[in-house]
Amino acid sequence: MTAVDPNAAPALAFTDLNVRFATEGGIVHAVKGLSLDVKPGEVVALVGESGSGKSVTSTAAMGLLPANAMVTGEARVGGVNVVGLHEEKVRTMRATEIAMIFQEPMTALNPVLSIEKQLVETFELHDIAYGSDAVDRAIDLLRLVGIPEPEKRIKQYPHQFSGGQRQRIVIAIAISLRPKVIIADEPTTALDVTVQAEILDLLRRLKDELDSGILLITHNMGVVADLADRVAVMFRGSLVETGPVQDVLTNPQHPYTKKLLAAVPRLENVELAETAVVEETIEAPRDLVLRAEDVAIEYQMRGRRFRAVEGVSFDLAKNEILGIVGESGSGKSTIAKAVLGLIPVASGTLAVHGEDLASVSRRRAKEVRRQIGVVFQDPAASLDPRFPIGDVLMEPMIIHRVGTRASRLERAHELLDAVRLPRDVVNRYPHELSGGQRQRVSLARALMLKPELLIADEPTSALDVSVQAAVLEMIKELQQEYAFACLFVSHDLAVVDLLADHVLVMKDGHMVEHGATSSVLHHPQADYTKRLLAAAPVPDPAEQRRRREARRALLASQ
Amino acid sequence: MSTTDSHNSAPVTSTDIYDLAEAEDAALLKKSAKPLSQGQLVRRRFFRHKAAMISLVVIVLIVAVSFSSMGFLGIPGWWDKSYVTAGAVVNGGAPTLSLIPRWLGGEGIHLGEHPFGQESTGKDYFALVMVGTQRSIIMGVVVGVITTFVGSVIGAVSGYFRGRVDSVLMRITDVVIVIPLLAIAAALGQIAGNIGSSVFLLALMIGLISWTGLARLVRGEILSLREREFVAAAQSMGAGAGRIIFQHLMPNAIGVIVVNATFAIASAILLESSLSFLGFGVRPPETSLGLLISQYQGAFTNRPWLFWWPGGIILAFALAVNFLGDGLRDAFDPRQSHRIRRAGLFDWTGRNKNAPAAAIVPPQVEVQPGPSNPAAPTTEGGYDTDKGGRA
Amino acid sequence: MLIFILRRLAAAVGIMLASSVLMYVLAINSGDPLADLRESNADNRELLIQQRIEYMNLDMPWYQRYLTWLLGVGKCVIGQCDLGLNRNGQAVAPLLGQAASSTLQLVFLATIIALVVGIAIGVLTAVRQYSGLDYAVTFLTFLFFSLPVFWAAVLFKEYLAIGYNDWMRDPQLSPVQIVIVALVAGLLMQVFLGGSLRRRLITFGVTAAFFGAALPTLLALNFFREPRLGYVGVAVLTIAAALTIVTLSVGLQNRQVLYPVLITAGLVIVMQFVLVNVFIYYMNWWIIIGGLALAVIVPWLIGRAMGGRYRNVAIGASVATGVIGAALTVLDHIFRTWPSFLDKKPRPISTIGSHTPNFTGDFWQVFLDHATQLLLPTLILTVISLASYSRYTRSSMLEVNRQDFIRTARAKGAPERIVIFRHALRNALIPIATIAAFDFAGLIGGAVITERVFGWTGMGALFTNGLSMVDPAPVMAFFLVTGLAAIVFNMLADIFYAVLDPRIRV
């Protein structure tokens with residue numbers, strides 16, 4: 001790691017930055033008096049949850065805030081204050097002095113222009129290179145960020161690249177003019193964990209080669225531990241703590257930072273090297289709720305049949321949690337949807353309490369559905385925006401014609417108490433609640449009919465870290481009280497480790513490993529599982545460094 | 001300023017909550033305002049839209065005057081002349097309406113015997129035009145209602161079930177769309193005219209073929225709404241198709257439906273006037289605004305009022321309805337109406353030069369899920385099984 | 001790809017068949033084809049009735065009549081179209097040929113102009129959202145949406161045609177009128193060009209002064225009856241256009257763009273001098289098409305060869321200059337012909353028919369005759385389509401503007417011009433293609449009405465006369481052409497979609 005010169009002038013310096021927005025609901029004070037420095041060659045992580053103001057801060061530095069923003073204070077890029085600067089001057093600074101890497105690689109590139117045109121554009125816009133000279137430089141850039149066969153692939157279009165590769169291209173665009181400051185706004189949040197590890201490797205390599213100061217915006221403490229030199233923690237628009245990454249992450253001072261770090265689920269005691277098999281203890285007899293045998297699921301995609309899941313077998317008993325983990329495209333959500341009956345099963349049996357949902361009559365299937373509750377991923381979309389919360393909660397009872405209006409309301413109140421929401425929320429609408437509160441409503445709705453089986457499809461993936469911790473805690477409590485079986489789908493191994501008794505690891509529609517959590521996640525047998533575990537970052541810089549080495553060794557050996 | 005080695009922590013107040021989840025819960029408890037449903041939000045935005053409000057006034061005015069002056073369904077109106085009795089032509093049939101008050105040098109404000117003038121056989125033109133307006137409005141409303149119901153149900157069923165049902169319904173829709181609207185409406189109009197000269201019958205016939213556009217738009221909206229998780233949740237709960245379509249999907253598509261229904265009313269009125277102009281619409285002794293224009297287009301040079309009044313009313317009404325629809329669209333889809341501006345009233349550039357409009361939405365502002373833009377074409381959804389990125 | 005097209009074609013043919021049945025049944029049942037004969041008192045009434053029954057196959061059941069018609073259409077594939085006989089025994093196919101060419105001309109021209117201008121206005125209002133210009137254009141758009149076509153047509157006839165013709169007899173403008181025109185022109189120009197207050201005032205002042213001085217000069221020169229450009233005029237204007245284009249795009253100091261543009265301008269000036277006699281005496285449509293092709297290809301090559309690293313800009317500017325120069329040359333010849341044209345046709349904008357009957361003259365005079373007849377109906381249809389295209393473009397642009405890649409483009413430091421044209425517009429045009437295809441069919445409906453107002457004997461007349469007389473043959477002929485046009489345009493839209501959107505192509 002190149003040493004950072006403590007006396008160099010900062011590449012990016014915020015001084016008492018205040019950003020206010022004029023919105024339909026009044027004035028929102030998004031950033032309250034932020035002061036922060038980023039030195040050349042240094043990576044400063046700006047950490048916070050939603051509403052912290054971290055993204056707004058970075059956009060202010062680029063001069064890309066919308067017209068209803070009122071900015072005071074200073075944001076100096078290489079000494080030049082961007083706040084209040086004339087648009088034309090700010091424009092010339094973009095990409096040359098300050099560049100940005102965005103969160104969503106799938107939509108960050110223009111879908112109708114080839115990669116070549118988009119890379120070359122940066123050079124031509126700023127009079128650096130033209131024509132074939134620019135194309136050569138672009139090819140070099142692609143090679144630098146790790147795109148194989150760049151000469152051929154440069155002529156292709158964005159949709160022909162995977163998400164990880166698109167993010168590499170976005171990084172290539174950002175570094176093409178060697179700017180003084182690179183802002184990376186949640187660069188790996190939308191990526192799978194193995195791809196994330198690769199991108200972080202890339203960023204680390206680039207950091208050493210270029211001399212740019214990097215402002216890394218993220219909510220993921222593992223990423224912070226992996227990449228950052230210093231950390232700045234923001235909460236509700238204010239900066240609450242800054243310091244070297246080792247200090248802040250292992251010895252936080254501010255109560256918010258302490259709470260935040262405590263809420264991060266950690267995967268500990270993972271043995272990747274040896275292959276000792278843990279003895280299976282004899283288990284007590286299990287009351288099976290869900291059984292899958294050699295299940296295969298297909299669906300139609302643009303006229304062609306696609307086998308999403310093949311040869312999957314597992315079982316789930318009362319009072320147990322089965323975690324299904326995998327990356328995108330592994331088929332984990334597909335299994336959940338098949339259990340819910342949303343996708344038909346192509347072959348094999350999928351039985352709830354012995355009844356195969358695919359082969360029973362519709363009426364019987366509806367009866368069986370009473371026993372299953374579901375919580376989905378997206379809190380914004382899982383509740384009908386036009387239904388008040390009371391109606392949302394009572395809907396399962398209405399569909400299955402259970403109880404009277406009074407008893408339904410009573411039950412709704414009961415469950416709202418269980419998820420610790422005030423009772424008068426029955427009259428409120430989903431858009432008045434935050435993401436975490438909506439997920440709790442989803443949870444309550446799922447439990448209205450005292451189900452035997454709860455399907456949770458990435459229920460906390462879209463939530464902030466501290467909110468996620470609260471919801472997970474709640475799921476644990478509710479399970480202990482109501483004793484349901486739970487099928488928990490997630491991509492986050494640490495979360496699964498926290499909750500699940502058994503784990504099923506999926507890759508490309510196939511089962512890779514299946515067993516008790518203590519063995520699969522702590523003494524993995526399969527190569528893929530080991531790779532997954534090696535890639536997940538932990539929020540302790542020293543530990544993370546060791547894990548990086550372990551991962552490098554693992555990948556070399558495989 | 002923090003140097004690379006110092007570790008700073010902001011001061012802690014004992015009353016502040018430093019946990020996001022707790023903060024959100026506290027905010028919820030503090031909410032004393034009445035719950036605001038989506039419908040109420042939309043209404044609030046709608047009433048703030050000036051053009052729509054003015055249009056609403058114009059529409060109410062036209063409807064009120066036309067229906068009350070000549071009476072409707074047996075209830076008599078306050079205008080004394082009839083639209084069928086001929087009479088003596090006074091002063092070449094010129095209008096007696098005067099709007100310039102005496103103190104400005106005019107003849108004073110008064111309606112006179114024939115405010116809109118008289119046509120060639122002496123019939124009072126105001127009466128004729130008012131009756132014509134009534135017929136045109138009835139036409140527009142009936143066609144609009146049929147279009148809305150038939151179109152939204154077909155679109156919703158098609159969009160929800162997809163597969164074969166969708167194919168069949170969309171093919172039927174295509175069969176109707178291929179024939180130019182005017183042609184098929186003309187044929188239907190002629191058939192209606194042969195059966196009887198009632199405006200309702202004509203409206204019914206036209207309604208039979210006018211739902212196609214709305215059906216496609218609703219289908220597109222439902223196709224995209226269908227992918228939202230609350231639909232999957234309802235399905236998992238065991239809700240039947242009927243419940244999902246009518247309780248969940250249609251209410252969320254109400255934006256698209258209402259906006260396009262309004263536009264459908266305006267185009268139905270224009271369609272009727274075109275048909276009557278060509279001779280395939282309303283026939284004498286019934287009258288409509290289109291028929292009046294058709295009958296008196298030759299009179300433009302020497303008796304222009306016969307031409308201006310009916311055309312002007314069609315124009316005003318259709319314009320008002322279109323603006324109303326636009327106002328509704330802005331109310332349902334607030335993302336497009338970012339009306340917070342710091343620039344002055346006559347800012348012809350529309351943008352503050354120092355802060356270009358960017359696609360960053362400020363935090364803590366809920367982006368309301370709203371109806372998609374009706375101008376976007378429908379696309380078939382497909383799974384994006386992109387490896388390496390979360391789909 | 002081929003399979004895709006074939007499948008779409010098969011589906012389209014199926015739909016056409018079903019629609020044709022629907023149309024046929026409706027047309028036949030819309031009344032009694034023998035109604036007028038039944039009421040007549042002519043001596044040979046029975047004979048006439050018998051004749052008509054024969055011509056229209058009224059003695060056959062409806063499905064047989066339909067199948068006979070269908071068979072006749074089928075023969076089109078081998079080149080012997082038999083579209084049936086109308087009630088007077090005339091073969092419909094030749095009638096259709098005449099009518100179709102005239103209507104399609106109208107609709108096609110209107111669509112193209114409406115697309116180009118509509119998209120331009122749409123982009124402008126999207127960029128200047130919520131400005132005064134936006135509100136004004138929105139209001140005008142809604143106004144045109146809400147206009148009954150025939151009502152507008154009568155108004156146009158009165159004010160634009162009759163008024164213009166009257167004015168043409170002795171072109172005069174009172175000082176008040178000149179001042180008003182100058183002020184309005186200035187106002188429009190400054191709204192269009194935008195900018196800071198200072199720049200607007202300058203634009204306003206310059207434009208108003210220009211018009212204020214130019215109009216009386218033109219009147220004094222009797223320019224409206226005897227317009228003149230001449231070699232010098234064309235030369236000067238072409239060079240002016242060339243210089244303006246270069247200034248607006250890259251600036252005059254850029255040699256690599258300036259030189260090819262000037263060379264192109266020079267070529268145009270020389271050519272218009274060399275070819276003048278060809279234009280006057282041997283003119284025909286092929287020369288115009290060929291000339292246009294040359295005006296695009298030659299500058300393209302010059303720009304490409306000389307543009308260096310500004311190649312794309314050089315090509316664009318040269319082609320624009322070439323086309324403008326060619327257009328100016330054509331304009332010059334029109335001007336030369338105008339006086340003799342006015343002699344032959346003192347009231348130039350006629351309101352009846354698609355061309356003056358028995359009009360003879362050289363190429364340019366006939367051209368002007370057609371053009372003046374075409375002017376009003378095209379204007380009406382254009383104005384109405386334009387409204388919807390500009391609205392669609394505007395909302396499509398606003399939608400695209402919200403996307404992430406626009407933010408990426410800005411983050412790269414792209415100037416607004418590039419963000420709008422290279423990034424936003426290319427994506428926004430994709431849905432417009434589908435909409436344009438559907439709109440074309442709707443425009444044919446508008447054409448029916450317009451033709452009635454202006455007395456054209458086009459497809460509209462074929463249809464309306466046929467329907468009112470309950471004569472299915474001409475009605476089905478109308479349907480055939482419009483249905484075919486709808487399918488062709490949908491196919492074109494799909495192809496265009498594939499061209500614009502690589503996600504479909506690759």
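Proteins come first, then strands; the chains are lettered A, B, ... in the order of their sequence lines, and each starts at number 1. Predicted, not measured: the structure shown is a model, and the values here were computed from it.
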K.L.:
Quick one: NE2 on B:H7 to CZ on A:R230, what's the gap to the nearest 0.5 Å?
P.N.:
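B:H7 NE2 to A:R230 CZ: 11.0 Å, rounded to 0.5 Å.
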K.L.:
Identify the heavy atoms of B:Q247 and A:F387 that sit nearest to each other, and give their distance.
P.N.:
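So the two residues come closest at O-CE1, 3.4 Å.
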K.L.:
Restricting to side-chain hydrogen bond (donor to acceptor under 3.5 Å, both in side chains), what partner residues turn up for A:E327, sequence neighbours left out?
P.N.:
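A:E327 satisfies side-chain hydrogen bond (donor to acceptor under 3.5 Å, both in side chains) with A:T194, A:Y528 once adjacent residues are dropped.
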K.L.:
Which bit of A:V71 is near chain B, if near means a heavy-atom gap under 4.5 Å: side chain, backbone, both or neither?
P.N.:
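For A:V71, neither part sits under 4.5 Å from chain B.
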K.L.:
Quick one: which of A:D384, A:L340, A:V240 has the most heavy-atom pairs under 4.5 Å with chain B, could you say?
P.N.:
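Looking at each of A:D384, A:L340, A:V240 in turn, A:D384 comes out on top.
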K.L.:
Taking all heavy atoms of B:P11 and all of A:H254, pick out the closest pair and write down the distance.
P.N.:
O-NE2, 4.2 Å
K.L.:
Give a yes or no on whether the backbone of B:E24 and the side-chain of A:Q437 come within a donor-acceptor separation of less than 3.5 Å.
P.N.:
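Yes, because the side chain of A:Q437 sits within donor-acceptor range (under 3.5 Å) of the backbone of B:E24.
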K.L.:
If we define contacts as heavy-atom pairs under 4.5 Å, which of A:A365, A:S382, A:A263 has the most with chain B?
P.N.:
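Max contact count across the listed options: A:S382.
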K.L.:
Side chain, backbone, both or neither: which part of B:L225 has a non-hydrogen atom closer than 4.5 Å to chain A?
P.N.:
neither
K.L.:
Go through the atoms of A:P105 and report whether side chain, backbone, both or neither lie under 4.5 Å from a heavy atom of chain B.
P.N.:
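Answer is neither: A:P105 stays 4.5 Å or more from chain B.
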K.L.:
Determine, step by step, whether A:E395 and B:H248 satisfy the side-chain contact (heavy atoms from CB on, under 4.5 Å) criterion, reporting the C-alpha distance in whole Å, the side-chain angles of both residues, the deciding distance to 0.1 Å, and the verdict.
P.N.:
CA-CA 11 Å; A:E395 188 166 18; B:H248 286 284; 2.5 Å; yes
K.L.:
A:D464 versus chain B, heavy atoms under 4.5 Å apart: side chain, backbone, both or neither?
P.N.:
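Only the side chain of A:D464 comes within 4.5 Å of chain B.
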K.L.:
Would you mind telling me which of A:E241, A:E88, A:K258 has the largest number of heavy-atom pairs within less than 4.5 Å of chain B?
P.N.:
A:E241
K.L.:
Considering non-hydrogen atoms only, spot the tightest contact between A:K366 and B:G238 and give its length.
P.N.:
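Of all heavy-atom pairs spanning A:K366 and B:G238, the closest is CE-O, 3.6 Å.
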K.L.:
What heavy-atom pair brings A:R386 and B:P251 nearest, and what distance separates the two atoms?
P.N.:
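That closest heavy-atom pairing would be CD-O, 3.0 Å.
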K.L.:
If I measure from the heavy atoms of chain B, does A:R363 come under 4.5 Å with its side chain, its backbone, both, or neither?
P.N.:
neither
K.L.:
Which is it for A:S52 and B:L20 under the side-chain contact (heavy atoms from CB on, under 4.5 Å) test, yes or no, and what are the steps along the way?
P.N.:
CA-CA 10 Å; A:S52 57; B:L20 189 65; over 6 Å; no
K.L.:
For the residue pair A:I399 and B:A234, what are the closest heavy atoms and their distance?
P.N.:
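Heavy atoms only, the tightest pair is CD1-O, 4.5 Å.
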K.L.:
If you count heavy-atom pairs under 4.5 Å with chain B, which of A:T257, A:N251, A:V19, A:V248 comes out on top?
P.N.:
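If we count pairs closer than 4.5 Å to chain B, A:V248 comes out on top.
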K.L.:
Take A:L239 and B:N8 through the test side-chain contact (heavy atoms from CB on, under 4.5 Å) and record every step on the way to the result.
P.N.:
CA-CA 10 Å; A:L239 192 58; B:N8 288 337; over 6 Å; no
K.L.:
Who wins among A:L342, A:V374, A:L421 for the most heavy-atom pairs under 4.5 Å with chain B?
P.N.:
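The candidate making the most pairs under 4.5 Å is A:L342.
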K.L.:
Specify the closest pair of heavy atoms between B:S236 and A:R369, including all atoms of both residues, with the distance to one decimal.
P.N.:
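Minimum heavy-atom contact is O-CD, 2.9 Å.
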K.L.:
Below 4.5 Å, heavy-atom pairs only: which of A:R370, A:K259, A:Q253 has the largest tally toward chain B?
P.N.:
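The candidate making the most pairs under 4.5 Å is A:K259.
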K.L.:
Which residues pass the side-chain hydrogen bond (donor to acceptor under 3.5 Å, both in side chains) test with A:R445, not counting sequence neighbours?
P.N.:
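So A:R445 forms no side-chain hydrogen bond (donor to acceptor under 3.5 Å, both in side chains) with any residue.
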K.L.:
For A:I455, is it the side chain, the backbone, both, or neither that has a heavy atom closer than 4.5 Å to a heavy atom of chain B?
P.N.:
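It is neither, since no heavy atom gets under 4.5 Å.
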K.L.:
Verify, without hydrogens or angle tests, whether B:E229 (side chain) and A:D378 (backbone) share a donor-acceptor contact under 3.5 angstrom.
P.N.:
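Looks like yes, one N/O pair under 3.5 Å.
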K.L.:
Please step through side-chain contact (heavy atoms from CB on, under 4.5 Å) for the pair A:R420 and B:D25, ending with a clear verdict.
P.N.:
CA-CA 9 Å; A:R420 289 199 283 271; B:D25 284 350; 5.8 Å; no
K.L.:
Heavy-atom cut-off 4.5 Å, strictly under: side chain, backbone, both or neither for A:F376 against chain B?
P.N.:
both
K.L.:
In this structure, are over 12 heavy atoms from other groups packed under 6.0 Å from B:F149 atom CZ?
P.N.:
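Count not over threshold, so no.
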K.L.:
If we define contacts as heavy-atom pairs under 4.5 Å, which of B:S37, B:G39, B:A239 has the most with chain A?
P.N.:
B:S37
